[in-house]
Every structure is written in C-alpha cells, then in structure tokens.
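Being a predicted model, the structure only gives us computed values, none of them experimental. Count residues from 1 along the sequence.
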Amino acid sequence: MTEAEAANRLMRLAKEIARHNRAYHDRDNPQISDAAFDALVRENAALEAEFPHLVRADTPSKTVGTAPSSSLAKVPHARPMLSLENAFADDEVAEFIARVRRFLSLAAGEAIDLTAEPKIDGLSCSLRYEHGKLVLAATRGDGSVGEDVTANARTIADIPQRLSGAPDILEVRGEVYMAKADFAALNARQEAAGGKIFANPRNAAAGSLRQKDPAVTAARPLRFLAHGWGELSEPLGHTQGAAMARLAELDLPVSDLLRSVSTLDQALAHYAAIEARRADLPFDIDGVVYKVDRLDWQERLGQIGRAPRGGGAPKLPPAHAATVIEALDIQVGRTGKLTPVGRLKPVGVGGVIVANVTLHNRDEIARLALRIGDRVRIQRAGDVIPQVVENLTREVTRDPYVFPDHCPECQSEAVAEEGEVDVRCTGGLICPAQRIERLKHFVSRGAMDIDGLGEKSIVEFAELGWLSGPADIFRLKNHRDALIGREGWKEKSVDNLLAAIEAHTGFDPARFLFGLGIRHVGAVTAKDLMRAFSTVEALQGAATGEGAEVELSAVEGVGPVVAEALADFFHEPHNRDALADLLSLAKPAAYVSTARTTEWTGKTIVFTGTLETMSRDEAKAQAERLGARAAGSVSARTDLVVAGPGAGSKLKKAEDLGIRVATEAEWAAIVASA
Ligand code: IVH
C-alpha cells in the first residue's frame, strides 16, 4: 500500500470506527458484528504500526468507548475508567506473563500470581460510596467523563444502597449486565408490545441502564458484578484476590468463578474451565480476565495507553460449528416483514443444539450466496442468537435461492421499498400473520376507537374464526348468542360491545383510513389525504389510476414514500376485495374539516416532550381546529414547536433551525386567543 493509500484508508477507518462506536455505545444499536468491528480496529492498528507518521489526531486507537453524548448528565471520574487490551489470543497468556516478568525484572523462578475470572459482556459502571452510602453511579463514557445513572442504578437489586464497614470513600467498578434468560424474556415482551428488540444482552443492558426515566430501568432485569475499584480512602488489601474478597465481605456481588492462579498451567486450566461452562453460565462472557495479583506490582506496571499493563483478557473464541442448511423458510412477522429462517441439520455449538438460524433479510442470503443444501459455518454470537458466518460450499450446481415475491401466509405481493432491505407483505387487510396487529390498530383510539374490543377479545374472536379482517368486526353481531354463552361474557357486556361497533357508521374517513394500517400513513397523513380526496374511494381511484404517484405526491404532507405505499396497498387485489367488503358494511362519511381559518391556517406545529394539562391527542386536535397541521418531526418547514418537559432532539433541532418554540402554557394562550 502506498503512503497516500494508507492515509486515505486511515481516514476512512477513523470515520467508520467512530460511526460504529456511536451506534454501539450511544444508540445501543450495533450495525456490524463484534468480529467485524474488531477487524476494523485491528486493520487500523496494523496500518498505524506500518505508517506511524500517519497516525491521526482522531485515531480510534486512542479512544476508549466513546464520549458520552446522551441527555444524561456528565460526571468526571475521580480515577479514569480504563479498558483491557483487546485482541489477545489464548496462546498469548504466556506472552502476557513473560511481559510482566520482563517489565518488573523478575527472576525466571519467581512466581507471578494472577487472578482469573470471566469477562462479562455488559457495560462497566462505577459506584461511588461515601461513608457507606451510594452517592453516585456512572457509566464509563470515554473513560474520563461518564454519564450519571445514579437514580437508575438504585433500582438494581444487586447494587447495595448502603455498605457497613466500608472505607469512607469507596468506588466500586463492575459490570451491569442482563442474564441470558432475562434478555430472552424481555425481548419477547418487547416484541409483544411492539417495542424495540435488542440485538444482544449487552445492548439490552446498556439501553436499560442509560434511561432518562428510572422507572423504565426498574422494570428491566439488570444485574451487577464487581470486578475492581477506583478511588479509595484506604486500601482494600495487598492483592487483587484479597481486595475482591473484601468487596464480597461488604456484600458486593463478586463472580464465583474468580480464582487465584500461580502458574501458566493453572491460568490456562481456569480459562478452559470457564470456556467449558460458558453455555451454562447465566450471562454472556466474551473472554477471561487475568490480573497480576500483587497490587504493588500492578502499580509499578502502570498502563500503556488506556489499558493497565497488569491486566489482560484473552477473548474466548465464539462458539462455531459447521452444518447443512436443509431448508429455508420465510416467517411473516406481525408487521408483515418477511424473515428468512434457515433450518439446519441440528448441530451442537458451544453446548447447545442449534436447529434454526435467522438470516435477517434478502441481502443476507445474497451476501452468503446461500442455496438450500449448502454447508455453512454457524456461530452463536453474543452466545444467544445463532448466525451464519460463512458459506462453506463453493460449487454452484444447485439452483440459486429465489427470495419470494409473494407472502407465504396470504399470497399477497411482497415488496421491498426503494433503498430498503426488508421485504414486506402488502396484504395487510387479509394476511393472517398480521391479523391481530391490524385488528388492534383498526379499533385503536386514534383509528376507529371501538370501546371494549381489546387485544384479548380480538385474539379470542380470531381463534373462534369470527374475525379474519376488519370487516368481520361489523359481522360480530351474527355471533351474539354464541358469545353470550362464553366465559367472561354476559348479555350486557356483549350488547355494549355490539353497540360500540354499531355506533361506527357514518364516521370520520381519516380515522378509517388511518385504521387500515397502510405503511407510512399515520393519523396526520390520513387527514392530509382525506382533506384532499374527501373519501377513501376517491383516494383509491387516485392511487390506482394513471400517474398515481404524481397525483398523490401533490398532496401537502405526502411524499414519494407515502405515494408508493398507497399504490402498493391499493394495487393488491386482496386488499381491494377486503376494503370493498368493509365499505359495504361500514361506510365513513365524507371528510369534514372542523378547522377554522385563523392566522395558523396552513402552518405546521410539532408537539414534543410531556404535556401536563392535556393529552397529545387533544393538543393535536386543537392545532387542527386552528387550521394547522400537527406533524411528528421538525424540519425547516415547521412553524412552531410546543415543548414540554423532557423534550430532547426535536427541541434541539428547532433551536438549531431558529424555529419558534412555545411552552405548553404559551400554546394554551395561543389557542385561547386564536
Ligand atoms: S477488569 C482496566 N474484569 O471489560 C479495566 N473488566 O476492556 C479493568 N469487563 O470495560 C477491567 N468483565 O467493563 C474487568 N471481570 C472483569 C470484567 C471486565 C467485564 C469489562 C470492563 C471493561 C472491559 C475491558
């Protein structure tokens, strides 16, 4: 590589590594695997070694983690929070011991005692106790300045609020993590609630600890294990082992796999013992941490960069195995996303039998050039979700896998939007995989607002075969007698439900349109569309006619993405049939705008943060009555941002763009005087 090429590559690596660092640390949403990230870091280090004069001021090799950037308060660490040297192969334990011996000029015969313990895949946290009371909890941040997570840490049962017999000042350093089983249960709950799905326990732990609202953290199953300390008013002991034992005596949780070892063989044996138990450990680990036991030696060893010379952490290899993909199935999620799942010839990986792998999306299959029958290498990443790492089959005699263009559940067309990798079913109104979500949405408060038809009843009626699509809601009256006989239902509750449904004829078409659950058509867009087209039929005509996308995009508030989603939806014959059926039973009135003409007519308003005297829906309705649009995001075209407590990025963006910002009280005054 020439010098110019190296400089260029280092510039790109600095940018790319910083971007992945932000995705991982700030947003808890990694875009690449740990292995791929480590490869970038190693490539950067290798180039810097080859071209030391090209090392950049912003080199990723000098930063630990990433500077804190969330809305949590920043707190400087009394002692820096260091990290351990990465990319330390298991055969380098001997090398680590030899380096320590050379640095301290110890005789060949002198034993170097070490502690060895699992390296937990969580996030580091510093707990400061003053006179036995927990006064501060902070994340690592960039190692010098972390984020204040005290209120959140207080909700973690493993973290004592008080210690008795502790030094006056004691900073405990350790790992906040989520146990594997708790992680799986949390993701299942998140999925059921339509919330964020976490990639792995580490991200779930980070996302849960770094919350603005401690109540959210309290609802998450976080744990803590101590592995060291920061500032101390008096030493905890003369050795690492003794100091850790002292922390345990103070009732701080310490790993029960922490051992003292005094020879290389013992060190490697404990490494092997931890590796062997890896699959059964309740939490994810990504290595074993060795520390020089004598603290006076640790002191003399000092640090290289931001890593102590007296500590090292060989990474455990991710658990791998080779097997055959026997079939590729497509699963349709509750929101219509098609996810390919590889069915494997079952194989043991790190102590667990794996029979299925997620392949994420169409691009992943293309990347691996995967065909049914291929031999693949799989890995249990973060110890939880198996992944295909590489395709071991090179010959190409079998047919390539063709990703379906129809939904396997309902045979509607399945499409990927421009620039998107996810393929989605467009048969929203009839697709059984999406049924429950769609029905819930249709009856929800912002849509048809049908009282008394909650998720439980929807599931019950769907299981009875009474509800396949929204039109069936208006046929529930045919099941009145059967329903009265069922557990939990009485004549009165059934009649109330049926009356609530009947009350929905001649209703607002914008709510109806929103209730159809067309991708990208939210409540505001639905109103914009109905203001322009007045009826759903007219909209359908426009969406399926000549020049549909041009005509739709001309509507204020509608861009090409919405236009494409409308065209996809109305082109699908299954949806057209279901919609015609629905309209024959429950016909919305023509759209009537309740807006007055005021100085706010045609203006765009964004509400953000918590509103204290009114609901978000009420505030939006007020805006609409003044003739304004209530939008979800701030742009240069926003005219006013109403910000309540807790407003974050939208408020900041408004300030950056110089947009008028009002408090809730000021908004109330605007409404009263308009
Ligand atoms: S000792 C010098 N022990 O791994 C830092 N760290 O890069 C002292 N970690 O961010 C770390 N388990 O949060 C130590 N048993 C353990 C650990 C552990 C996990 C984390 C730590 C640090 C990273 C090291």
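- Counting only distance, with no hydrogens or angles, the side chain of Lys337 and the backbone of Arg424 share no donor-acceptor pair below 3.5 Å.
- Here the side chain of Asp182 pairs no donor or acceptor atom with the backbone of Met178 at under 3.5 angstrom.
- Scanning all heavy atoms of the two residues, the minimum distance from Ile518 to Leu566 falls at CD1-CD2, 4.0 Å.
- With rounding to the nearest 0.5 angstrom, the CG atom of Leu467 is 8.0 Å from the NE2 atom of His479.
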Q: For salt bridge (Lys or Arg N to Asp or Glu O under 4.0 Å), just list the numbers for Lys492 and Asp495, CA-CA rounded to whole Å, side-chain angles, deciding distance to a tenth of an Å, and then say yes or no.
A: CA-CA 5 Å; Lys492 186 151 168 31; Asp495 285 336; over 6 Å; no

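- Interatomic distance, CZ of Arg616 versus OG1 of Thr608, reported as 6.0 Å (0.5 Å rounding).
- Put simply, the side chain of Val324 does not reach to within 4.5 Å of the side chain of Val376, judged on heavy atoms.
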**Q.** From CA spacing to verdict: side-chain hydrogen bond (donor to acceptor under 3.5 Å, both in side chains), Glu564, His520
**A.** CA-CA 10 Å; Glu564 190 186 340; His520 303 298; over 6 Å; no

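- A distance of 10.0 Å separates CG in Asp568 from CZ in Arg519, rounded to the nearest 0.5 Å.
- Counting heavy atoms from C-beta on, the side chains of Glu413 and His574 never come closer than 4.5 Å.
- Here CG of Leu429 is found 4.5 Å from CG of Asn575. Values are rounded to the nearest 0.5 Å.
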Q: Decide salt bridge (Lys or Arg N to Asp or Glu O under 4.0 Å) for Glu460 and Arg486; before the verdict, give the C-alpha distance in whole Å, the side-chain angles of both, and the deciding distance to 0.1 Å.
A: CA-CA 10 Å; Glu460 180 180 354; Arg486 291 186 61 82; 2.8 Å; yes

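- The shortest distance between side-chain heavy atoms of Thr535 and Tyr591 does not fall below 4.5 Å.
- Shown here for Ala414 and Cys407, the closest heavy-atom pair between the two residues is CB-N, 4.1 Å.
- In terms of modelled atom types and a separation under 3.5 Å, the side chain of Gln211 and the main chain of Ser208 share no donor-acceptor contact.
- In this structure, Phe514 and Gly446 approach most closely via the heavy-atom pair CD2-O, 3.5 Å.
- Scanning all heavy atoms of the two residues, the minimum distance from Leu222 to Ile156 falls at O-CG2, 3.5 Å.
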(Q) I'd like to know whether Arg362 forms a salt bridge (Lys or Arg N to Asp or Glu O under 4.0 Å) with Glu420, so could you lay out the CA-CA distance, the side-chain angles of the two residues, the decisive distance to 0.1 Å, and finally the verdict. (A) CA-CA 10 Å; Arg362 194 172 54 176; Glu420 288 268 321; over 6 Å; no

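- At distances below 3.5 Å, at least one donor-acceptor pair connects side-chain atoms of Glu664 with backbone N or O atoms of Thr613.
- Considering only heavy atoms from C-beta on, Leu516 comes within 4.5 Å of Leu582 through its side chain.
- More than 12 heavy atoms of other residues, nucleotides or ligands lie within 6.0 Å of CZ in Arg480, so this atom counts as buried by the packing criterion.
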Q: For side chain to side chain contact (heavy atoms under 4.5 Å, CB included), just list the numbers for Phe403 and Leu338, CA-CA rounded to whole Å, side-chain angles, deciding distance to a tenth of an Å, and then say yes or no.
A: CA-CA 10 Å; Phe403 201 89; Leu338 270 55; 4.3 Å; yes

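- One finds a salt bridge joining Arg475 and Asp581 here, because a Lys/Arg side-chain nitrogen approaches an Asp/Glu carboxylate oxygen to under 4.0 Å.
- The backbone N or O of Cys425 sits nowhere less than 3.5 Å from a side-chain atom of His406 that would complete a donor-acceptor pair.
- Closest non-hydrogen pair, Trp667 versus Ala619, comes out as CZ2-O, 4.0 Å.
- Side-chain atoms of His360 and Gln387 include no donor-acceptor pair closer than 3.5 Å.
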Please table the atom pairs, donor to acceptor, closer than 3.5 Å between any side-chain atom in residues 339-348 and protein atoms at least two apart or in another chain.
unit_1, atom_1, unit_2, atom_2, d
Arg343, NE, Asp329, OD2, 2.8
Arg343, NH1, Asn356, OD1, 2.8
Arg343, NH2, Asp329, OD2, 3.3

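- Here the straight-line distance linking atom NZ of Lys620 with atom CZ of Arg629 works out to 11.0 Å at 0.5 Å rounding.
- The backbone N or O of Glu549 sits less than 3.5 Å from a side-chain atom of Ser553, completing a donor-acceptor pair.
- Judged purely by atom type and a 3.5 angstrom limit, Arg576 uses its side chain to pair as donor or acceptor with the backbone of Phe570.
- Electrostatic pairing of Lys527 and Glu624 counts as a salt bridge here, judged by a charged N lying under 4.0 Å from a carboxylate O.
- The backbone N or O of Gly644 lies less than 3.5 Å from no partner atom in the side chain of Thr610, so there is not a single donor-acceptor pair.
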Q. Between Ile670 and Leu640, does a side chain to side chain contact (heavy atoms under 4.5 Å, CB included) hold up when you go through it step by step?
A. CA-CA 11 Å; Ile670 290 173; Leu640 175 72; 4.1 Å; yes

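- At least one donor-acceptor pair closer than 3.5 Å links the side chain of His571 to the backbone N or O of Ala567.
- Between Glu455 and Ile458 the shortest side-chain heavy-atom distance does not fall below 4.5 Å.
- Scanning all heavy atoms of the two residues, the minimum distance from Ala643 to Leu651 falls at CB-CD1, 3.9 Å.
- Residues Ser468 and Ile430 form no side-chain contact, since every pair of their non-hydrogen atoms from C-beta on lies 4.5 Å or further apart.
- The residues Arg202 and Asp284 are annotated as not salt-bridged, no charged nitrogen and carboxylate oxygen being separated by less than 4.0 angstrom.
- Under a 3.5 Å cut-off, the side chain of Thr544 and the backbone N or O of Gln540 do form a donor-acceptor pair.
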Q. Would Lys440 and Arg334 count as a side chain to side chain contact (heavy atoms under 4.5 Å, CB included) if you check the C-alpha gap in whole Å, the side-chain angles of each, and the deciding distance to 0.1 Å?
A. CA-CA 11 Å; Lys440 261 167 61 187; Arg334 288 160 64 113; 3.8 Å; yes

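- Between Leu476 and Trp466, the closest side-chain pair of non-hydrogen atoms falls below 4.5 Å.
- The residues Lys477 and Glu502 are annotated as salt-bridged, a charged nitrogen and a carboxylate oxygen being separated by less than 4.0 angstrom.
- Glu409 and Arg435 are not joined by a salt bridge, as no carboxylate oxygen comes within less than 4.0 angstrom of a charged side-chain nitrogen.
- Side-chain contact between Leu583 and Pro588 is present, with at least one heavy-atom pair separated by less than 4.5 Å.
- One finds the CD1 atom of Ile372 at 4.5 Å from the CG atom of Leu328 (value rounded to the nearest 0.5 Å).
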Q: Would you check, one step at a time, whether the test side chain to side chain contact (heavy atoms under 4.5 Å, CB included) holds for Trp489 with Leu483?
A: CA-CA 7 Å; Trp489 292 96; Leu483 184 52; 3.5 Å; yes

